[in-house]
Amino acid sequence: MGLAKLWKYSGGLFSNLAAAVHHQHKQHFVFSCFQSPSYGASPPPPQSRRPISWTCICGFMLFALGLISLFTGHVASDVEWYSQRIVKRNWFYKLDGSHRLSIDIWKSRYSSFYYGCSERGPHFTERGPHFSSAVRERFSNGYLLIATSGGLNQQRTGITDAVVVARILNATLVVPELDHHSFWKDESDFSNIFDVGWFISYLAKDVTIVKRVPEKVMMSMEKPPYTMRVPRKSEPEYYLEQVLPILLRRKVLQLTKFDYRLASDLDEELQKLRCRVNYHALRFTKPIRNLGQKLVFRMRRMEERFIAVHLRFEPDMLAFSGCYYGGGDKERYELGEIRKRWATLPELSPDEERARGKCPLTPHEVGLMLRALGFNNDTYLYVASGEIYGGEKTLQPLRELFPNFYTKEMLAGEELQPFLPYSSRLAAIDYIVCDESDVFATNNNGNMAKILAGRRRYMGHKRTIRPNAKRLSALFMARDKMDWATFSRKVKSCQRGFLGEPEENKPGRGDFHEFPSTCICKRPFNLSNFTSKENKYQISRRNPTVSESRYTYLSNSSNLEQKSSQKFNEESLRDRHGSLIDEIDPDNPLSD
């Protein structure tokens, strides 16, 4: 209870008490303290009742003051907390004309007070063993084979969870097998996309990982590896009770269709292990990193700040959503035929799906949203997408809103040729550019949007715009009935809470891959740092030079990755896993 409320409450008590004194002949009170001092005498008649003594009134006042004193400690702490909140708000935001907090569309001013933290916990605490080192291969409970499912980012979630499951089971993890039979039909293996050596060595203290099951183990098996599929979002207890006994009995176990098969809410150390896998261990191969960085440099050479927009507007995406985009019978027939590939999909109402916010925004709607938020038409856009349904005709409205429109095909030219047959490698290149952009926006809430949103939060709360489709859909339908200023104001109102601000990252909100709250720590509040922080922010708002941005991607993986790499001796790594560390060319900024 705040101090003002207590004062108001006690004031009301005093006024009521005074009223009782004033109307003593109209109301009847039965209090023992108001009785006559003579205990044996009978009560006097109502007309001769004595007035309330000042002693009783003072007693009530002292009682009320005692209540205030009782809550003084809570009041002081509340006042301190609220004052710090108000001070912080004043530092990082300013009030606009409507007395609402305005937001810098390019960068969150509040982000410098948060940082990614996923270091391993201590081996021993006051309570005993806490997070021990990985069990050695020969002492593990068996070998865990993982078959992932879906596209690149869906498989990324499966790989991340596979490491955690191997930790739960005390198993030796075999490098996961990627999906070659999904819609994308990509034949790439793990080693074609991710740096296998780095993956194995970085996680060596958490989980033992091998490239394949040893030949002598396979020869000793009487039966082939046992194959099973676990339910979605299974708790660790399920793995211990249902999966571990099979692993102990068969020694080699394969889990298939492994995507989102582990619960989102886990123990803190397991969540931090997820972050170490996703944000540090899963590093792309050098050819992918090099080309991705070249595209970032070419965007920065033209304009030092740019937006990356991830458009999921492929035919399969639209068919799966069940939405309608005004293409008439032709659209209904084409998307309906694609939809038949999923026999279990229910019949959906396009209008109801749009009202629920389940329909991806069109490229035109994404452009309108960005312009309404305040981005000018001279802003540079990098568009990451696959095949856009409707082709150039669908993209034309977005190009008109943002003429500085670029894609990986436009920037890379012939350098992209080796990657063209492989959709996952192309997606990895887009991933790098989107991760390095100043602002990342998306028209959907798919796997890549979630994974990148989580990573950008972990790497410093870089501005990330997710459309509030449920509220925006009604606004887009009515946009012809209002002027631009009204439309812009309403879009800004709709998007509050969907711009990647630190305050959006609350424990328990959404999927952990999108909101990795356990792995984001808050820097201690220090009043003396206010001036320096504010000045630093003002300096940081200038556009980085091309030479400064050249090293951004390589240094953006935080000190944790640097500390880990120092712990591994180059010779021992080569002995165990072959040549894992390439020679570094000091003249090549792409070397790492």
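Positions are given from 1, in the same order as the sequence printed here.
- In this structure, the side chain of Gln155 engages the main chain of Gly150 through a donor-acceptor pair within 3.5 Å.
- No donor-acceptor distance shorter than 3.5 angstrom exists from the side chain of Asn170 to the backbone of Ser140, with no hydrogens or angles considered.
- With values rounded to the nearest 0.5 angstrom, Glu137 atom CD is found 5.0 Å from Thr172 atom OG1.
- Of the possible donor and acceptor atoms, one in the side chain of Gln271 sits under 3.5 Å from a partner among the backbone N and O of Ser264.
- Leu262 is listed as a side-chain neighbour of Val164, based on a closest heavy-atom distance under 4.5 Å.
- Taking all atoms of both residues into account, the shortest heavy-atom contact from Val243 to Met228 is CG2-CE, 4.1 Å.
- Side-chain contact between Ile288 and Phe419: present, with at least one pair of heavy atoms (C-beta onward) separated by less than 4.5 Å.
- Between Arg489 and Asp483 there is no salt bridge, since none of the side-chain N atoms of the basic residue sits less than 4.0 Å from a carboxylate O of the acidic one.
- Of the charged side-chain nitrogens involved, at least one lies within less than 4.0 Å of a carboxylate oxygen, so that Glu392 and Arg399 count as a salt-bridged pair.
- Across every non-hydrogen atom of Gly292 and Val433, the tightest pair is O-CG2, 3.8 Å.
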Glu436 vs Arg300, test: salt bridge (charged side-chain N to carboxylate O under 4.0 Å, His left out). Steps then yes/no. CA-CA 10 Å; Glu436 281 301 297; Arg300 299 262 188 232; 5.1 Å; no

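- Checked by atom type and distance alone, the side chain of Arg167 pairs as donor or acceptor with a backbone atom of Asp206 at under 3.5 Å.
- Contact check for Val252 versus Leu144: no side-chain heavy atoms found under the 4.5 Å cut-off.
- Of all non-hydrogen atoms in Lys272 and Thr518, the two that sit nearest each other are CE-O, 3.8 Å.
- A donor-acceptor pair under 3.5 Å is formed between the side chain of Asn443 and the backbone N or O of Leu361.
- Side chains of Ser108 and Glu501: a donor-acceptor N/O pair is present below 3.5 angstrom, by distance only.
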Show the numbers, then the answer: is there a side chain to side chain contact (heavy atoms under 4.5 Å, CB included) between Val175 and Ile209? CA-CA 7 Å; Val175 171; Ile209 304 174; 4.0 Å; yes

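- For the atom pair OG of Ser424 and NE2 of His180, the computed distance is 8.5 Å after rounding to the nearest 0.5 Å.
- If you check the side chains of Thr464 and Arg456, you find a donor sitting under 3.5 Å from an acceptor.
- Residue pairs that meet the salt bridge (charged side-chain N to carboxylate O under 4.0 Å, His left out) test with at least one member in residues 234-244, sequence neighbours left out, do not exist here.
- In this structure, His461 and Tyr114 have perpendicular ring planes: the angle between them is above 60°, well past the 30° mark.
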Using residues 467-482 as the side-chain source, report each donor-acceptor pair under 3.5 Å to any protein atom, sequence neighbours left out, with the distance given to one decimal.
{"unit_1": "Asn468", "atom_1": "ND2", "unit_2": "Cys494", "atom_2": "O", "d": "3.0"}
{"unit_1": "Ser473", "atom_1": "OG", "unit_2": "Arg354", "atom_2": "O", "d": "3.2"}
{"unit_1": "Ser473", "atom_1": "OG", "unit_2": "Ala469", "atom_2": "O", "d": "3.2"}
{"unit_1": "Ser473", "atom_1": "OG", "unit_2": "Lys470", "atom_2": "O", "d": "3.2"}
{"unit_1": "Arg479", "atom_1": "NH1", "unit_2": "Phe476", "atom_2": "O", "d": "3.0"}

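- For the pair Gln293 and Ile432, the minimum side-chain heavy-atom distance is below 4.5 Å.
- In plain terms, the two heavy atoms of Arg371 and Phe375 that are nearest each other are CD-O, 3.0 Å.
- Atom-to-atom distance recorded for Arg289:CZ and Ile429:CD1 is 13.0 Å, nearest 0.5 angstrom.
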Between Arg455 and Asp435, does a salt bridge (charged side-chain N to carboxylate O under 4.0 Å, His left out) hold up when you go through it step by step? CA-CA 8 Å; Arg455 178 179 173 85; Asp435 179 37; 2.8 Å; yes

Derivation and outcome, side chain to side chain donor-acceptor pair (under 3.5 Å), residues Ser349 and Asp351: CA-CA 5 Å; Ser349 167; Asp351 292 337; 5.2 Å; no

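- One finds a salt bridge joining Arg283 and Asp195 here, because a Lys/Arg side-chain nitrogen approaches an Asp/Glu carboxylate oxygen to under 4.0 Å.
- Glu365 places none of its side-chain heavy atoms less than 4.5 Å from the side chain of Leu370.
- In this structure, CZ on Arg312 lies 10.5 Å from OG on Ser321, to the nearest 0.5 angstrom.
- Note that CG of Leu452 is 11.0 Å distant from CD of Glu514, once rounded to the nearest 0.5 Å.
- Residues Phe306 and Leu381 fail the side-chain proximity criterion, which asks for heavy atoms closer than 4.5 Å.
- Side chain to side chain, Ser191 and Asp189 fail the donor-acceptor criterion of an N or O pair below 3.5 Å.
- Here Glu337 does not pair with Arg339 in a salt bridge; the nearest charged N to carboxylate O distance is not below 4.0 Å.
- For CZ of Arg232, the number of neighbouring non-hydrogen atoms (other residues, nucleotides, ligands) closer than 6.0 Å is greater than 12.
- Every pair passing ring pair (Phe, Tyr, Trp, His ring centres under 6.0 Å) that includes a residue from residues 321-364 is listed here, sequence neighbours excluded: Phe313-Tyr325, Phe320-Trp342.
- Applying the ring pair (Phe, Tyr, Trp, His ring centres under 6.0 Å) test to residues at least two apart or on different chains, none of the pairs has a partner in residues 222-263.
- For the pair Asn141 (side chain) and Leu248 (backbone), a donor-acceptor distance under 3.5 Å is absent.
- The minimum heavy-atom distance linking Ala134 with Val207 is given by the pair CB-N, 3.5 Å.
- From Leu244, atom CG reaches atom CD of Gln242 across 11.0 Å, with rounding to the nearest 0.5 Å.
- One finds no salt bridge joining Lys257 and Asp259 here, because no Lys/Arg side-chain nitrogen approaches an Asp/Glu carboxylate oxygen to under 4.0 Å.
- Listed by first then second residue, pairs satisfying side-chain hydrogen bond (donor to acceptor under 3.5 Å, both in side chains) with a partner in residues 373-383 read Tyr382-Asp430, not counting sequence neighbours.
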Would you check, one step at a time, whether the test side chain to side chain contact (heavy atoms under 4.5 Å, CB included) holds for Lys251 with Met221? CA-CA 8 Å; Lys251 293 302 180 184; Met221 293 173 58; 5.7 Å; no

Applying side chain to side chain contact (heavy atoms under 4.5 Å, CB included) to Glu334 and Tyr389, what does each step give before you reach the verdict? CA-CA 10 Å; Glu334 291 175 348; Tyr389 182 70; 2.6 Å; yes

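- Between Ser188 and Arg425, the side chains place a donor N or O and an acceptor N or O closer than 3.5 Å (distance only, hydrogens not considered).
- The closest donor-acceptor contact from the side chain of Thr157 to the backbone of Gln154 lies under 3.5 Å.
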Please lay out, stage by stage, how His280 and Tyr458 fare under the test ring-ring contact (aromatic ring centres under 6.0 Å, His included). CA-CA 11 Å; His280 299 281; Tyr458 181 84; 5.6 Å; yes

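- Between Arg156 and Asp161 there is no salt bridge, since none of the side-chain N atoms of the basic residue sits less than 4.0 Å from a carboxylate O of the acidic one.
- Residues satisfying the side-chain hydrogen bond (donor to acceptor under 3.5 Å, both in side chains) criterion with Gln495, sequence neighbours excluded, are absent altogether.
- Contact detail for Ala147 and Gln254: the closest heavy-atom pair is CB-NE2, 4.1 Å.
- Using a 4.5 Å heavy-atom threshold, the side chains of Leu253 and Pro225 count as separate.
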